[in-house]
> 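To start, I am sharing the structure in question, which I have written as structure tokens.
This is a predicted model, so every value here is computed, not measured. Values below: every heavy atom of this structure, side chains too, minus hydrogens, waters and symmetry copies.
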Amino acid sequence: MSRPMILFAFATLLPIPLIGAAGLLGGVWALVALAYMTAMAASLDLVVDRTTPPAPDSEFPVANGLSVALALGHFALLAATVAALSGDRIGTLAKLGTFGAAGLYFGQVSNSNAHELIHRGSRRLHTLGKWVYISLLFGHHTSAHVLVHHRLVATRDDPSSARRGESLYRFMRRAWAGSFRAGYTAESRRLAQIGRSKWRHPYATYCGGAVLMLSFAVWIGGIGGMLAYLALATFATLQLLMSDYVQHYGLSRRIGNNGKLEPVGVRHSWNSPHWFSSAQMLNAPRHSDHHANPSRPYVALTISDAPLLPRSLPVMACLALHPRLWRRVMDPLAARWRAAD
């Protein structure tokens, strides 16, 4: 295993036993798990001022193996966390720490891993990523991301591209409902084109899977388990929406003289090549290369002549919580890149 893959594995796998210990034992473990997902990641981004180089082609099977391990770990950790939050094994403060650490993990690592899996050519890997999203009650993202976001990114027709001047809170309301509708329309059109029955619509799986997951939560912890599960899924989903907001804010594609949109390029996404948080999110912050080459595995993503965020993606997501401060920082940067096109 190459050094980049060791970093990916360390950054993404270590939180699983830490959060598991927090939910099982409480006490200092809850603080350690939360610190790993927050202070440690931010500190390493600052201290280690370098990016992770892309791994060679031979590492791609290892990368897929890590994604499978992360997905299986996700399901186990989600069930364990729901049990911990709905039970009485640990105290209130430990539950808060466990919830924060687990919610951040699901929002940053699990979401990034599911995103990677739905872009893989293997049907098994795609299905695994789809069920990670379903387990976070965001199954429709499987369709909306691939069929809508990648086609319409950096346009006003894309529900997941934030417009300049649009606050995070307005964007999140528009993006969730808009992506749900747009994904449904795109899938319905696709089914009609290939002549498949509407009863095999992917949205039936997304909605039915959500009901199934809620039932499991009730089975694990009763009403308290369901409430804990809903809170974790909501927290994780909000982080995904925050990432979309930050990574596309204020950037747009030009319409040519022929009335067609210019091809998606590296200048249509914001990037954050910070060392540790990039590894923790499987290079998702190298967003421009992903949009330019959607099938390229995360280990091979690079950054070249692309818009850069002034801080890491998690830090910029926190900044977006304050719309005035966010616009003061990002509007001039977005205007500069739009003027350069």
Side-chain angles (χ1 to χ4, degrees), residues 1-19 32-60 62-67 69-70 73-74 100-101 103-116 119 239-240 242-249 266-267 269-293 296-320 329-330 333:
M1 184 181 292
S2 68
R3 290 177 62 186
M5 284 306 305
I6 291 174
L7 174 60
F8 284 125
F10 173 82
T12 57
L13 288 174
L14 182 57
I16 295 178
L18 293 180
I19 299 169
V32 170
L34 185 59
Y36 182 95
M37 294 301 302
T38 54
M40 178 180 169
S43 298
L44 287 175
D45 276 342
L46 290 174
V47 172
V48 185
D49 187 20
R50 64 184 177 89
T51 60
T52 307
D57 289 358
S58 61
E59 295 299 329
F60 292 170
V62 179
N64 286 340
L66 176 59
S67 285
L70 288 171
H74 160 83
L104 289 170
Y105 184 84
F106 298 141
Q108 296 178 22
V109 182
S110 294
N111 271 329
S112 297
N113 188 50
H115 167 260
E116 181 66 21
H119 277 289
Q239 290 173 78
L240 187 151
M242 291 168 75
S243 293
D244 279 342
Y245 177 82
V246 170
Q247 291 178 126
H248 295 292
Y249 178 83
V266 296
R267 301 165 75 85
S269 304
W270 293 102
N271 299 266
S272 172
H274 296 76
W275 181 66
F276 193 76
S277 58
S278 290
Q280 203 169 52
M281 289 182 278
L282 300 178
N283 271 347
R286 298 185 179 191
H287 210 57
S288 289
D289 193 12
H290 167 68
H291 270 282
N293 304 281
R296 180 171 291 173
Y298 66 90
V299 290
L301 295 176
T302 61
I303 294 177
S304 177
D305 191 32
L308 295 179
L309 294 167
R311 294 291 185 272
S312 68
L313 184 57
V315 171
M316 295 305 294
C318 291
L319 182 68
V329 173
M330 289 302 299
L333 296 177

> Report all side-chain donor-acceptor pairs from residues 306-318 shorter than 3.5 Å, counting only partners two or more places apart or in another chain.
none

> Please work out which of the three classes, parallel, tilted or perpendicular, describes the rings of H115 and H119, given edges at 30° and 60°.
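Answer is perpendicular, since the angle exceeds 60°.
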> Within this structure, what is the CG-CD1 distance for the pair D289 and I303, rounded to the nearest 0.5 Å?
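Between D289 CG and I303 CD1, I get 8.5 Å after rounding to 0.5 Å.
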> Testing the basics here: between Y105 and L70, what is the closest heavy-atom pair and its distance to 0.1 Å?
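Taking Y105 first and L70 second, the nearest heavy atoms are OH-CD2, 3.5 Å.
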> Not counting sequence neighbours, list each pair that qualifies as a salt bridge (Lys or Arg N to Asp or Glu O under 4.0 Å) and has a residue in residues 297-309.
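Counting only pairs at least two positions apart or across chains, the salt bridge (Lys or Arg N to Asp or Glu O under 4.0 Å) contacts touching residues 297-309 are R267-D305.
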> Restricting to non-hydrogen atoms, name the atom on Y36 and the atom on P15 that form the minimum distance, rounded to 0.1 Å.
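Closest heavy-atom pair between Y36 and P15: CE2-CG, 3.2 Å.
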> Minimum heavy-atom separation for Q247 to P285, with atom names?
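Scanning both residues, the minimum pair turns out to be OE1-CA, 3.8 Å.
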> Between L13 and F8, is a side-chain contact (heavy atoms from CB on, under 4.5 Å) present by the stated rule, with each step listed?
CA-CA 8 Å; L13 288 174; F8 284 125; over 6 Å; no
> If you look only at pairs with a residue in residues 273-283, which of them pass as a salt bridge (Lys or Arg N to Asp or Glu O under 4.0 Å), with sequence neighbours excluded?
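Of all non-adjacent pairs touching residues 273-283, none passes salt bridge (Lys or Arg N to Asp or Glu O under 4.0 Å).
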> How long is the span from the OG atom in S269 to the CZ atom in R286, to the nearest 0.5 Å?
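Atom-to-atom, S269:OG and R286:CZ are 14.5 Å apart.
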> Nearest 0.5 Å please: distance from the NE2 atom of H290 over to the OG1 atom of T302.
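So the NE2 of H290 and the OG1 of T302 are separated by 13.5 Å.
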> Going through the distances and angles, do H74 and N113 end up as a side-chain contact (heavy atoms from CB on, under 4.5 Å)?
CA-CA 10 Å; H74 160 83; N113 188 50; over 6 Å; no
> In Å and rounded to the nearest 0.5 Å, what is the CE to CD distance from M40 to Q280?
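That separation rounds to 8.5 Å.
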> Residues in ring-ring contact (aromatic ring centres under 6.0 Å, His included) with H248, at least two apart?
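Expected list: H149, H287, H291.
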> Please give me the minimum heavy-atom distance between Y298 and N283, naming the atom from each residue.
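Taking Y298 first and N283 second, the nearest heavy atoms are O-ND2, 2.8 Å.
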> Please list all pairs passing the salt bridge (Lys or Arg N to Asp or Glu O under 4.0 Å) test where one or both residues lie in residues 271-280, with sequence neighbours left out.
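Residue pairs passing salt bridge (Lys or Arg N to Asp or Glu O under 4.0 Å), neighbours aside: none found.
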> Does L34 have any side-chain contact (heavy atoms from CB on, under 4.5 Å) partners at least two apart in sequence or in another chain, and if so, which?
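So L34 forms a side-chain contact (heavy atoms from CB on, under 4.5 Å) with T38, A101, L104.
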> Using side-chain contact (heavy atoms from CB on, under 4.5 Å), reason through E116 and S112 one step at a time and then give a plain yes or no.
CA-CA 6 Å; E116 181 66 21; S112 297; over 6 Å; no
> Quick one: pull up CH2 in W270 and OH in Y245 and give me the separation to the nearest 0.5 Å.
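Those atoms lie 12.0 Å apart.
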> Which atom pair, heavy atoms only, marks the closest approach of A279 to T12?
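Shortest heavy-atom contact: O-CG2, 3.6 Å.
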> Does any part of the side chain of V109, heavy atoms only, come nearer than 4.5 Å to the side chain of M281, both counted from C-beta?
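Side chain of M281 against side chain of V109, heavy atoms only: no contact under 4.5 Å found.
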> When rounded to the nearest 0.5 angstrom, what is the spacing between CG in L333 and OH in Y249?
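L333 CG to Y249 OH: 10.5 Å, rounded to 0.5 Å.
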> A63 and V299: which non-hydrogen atoms are nearest, and at how many Å?
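The pair with the smallest heavy-atom distance is CB-CG1, 3.9 Å.
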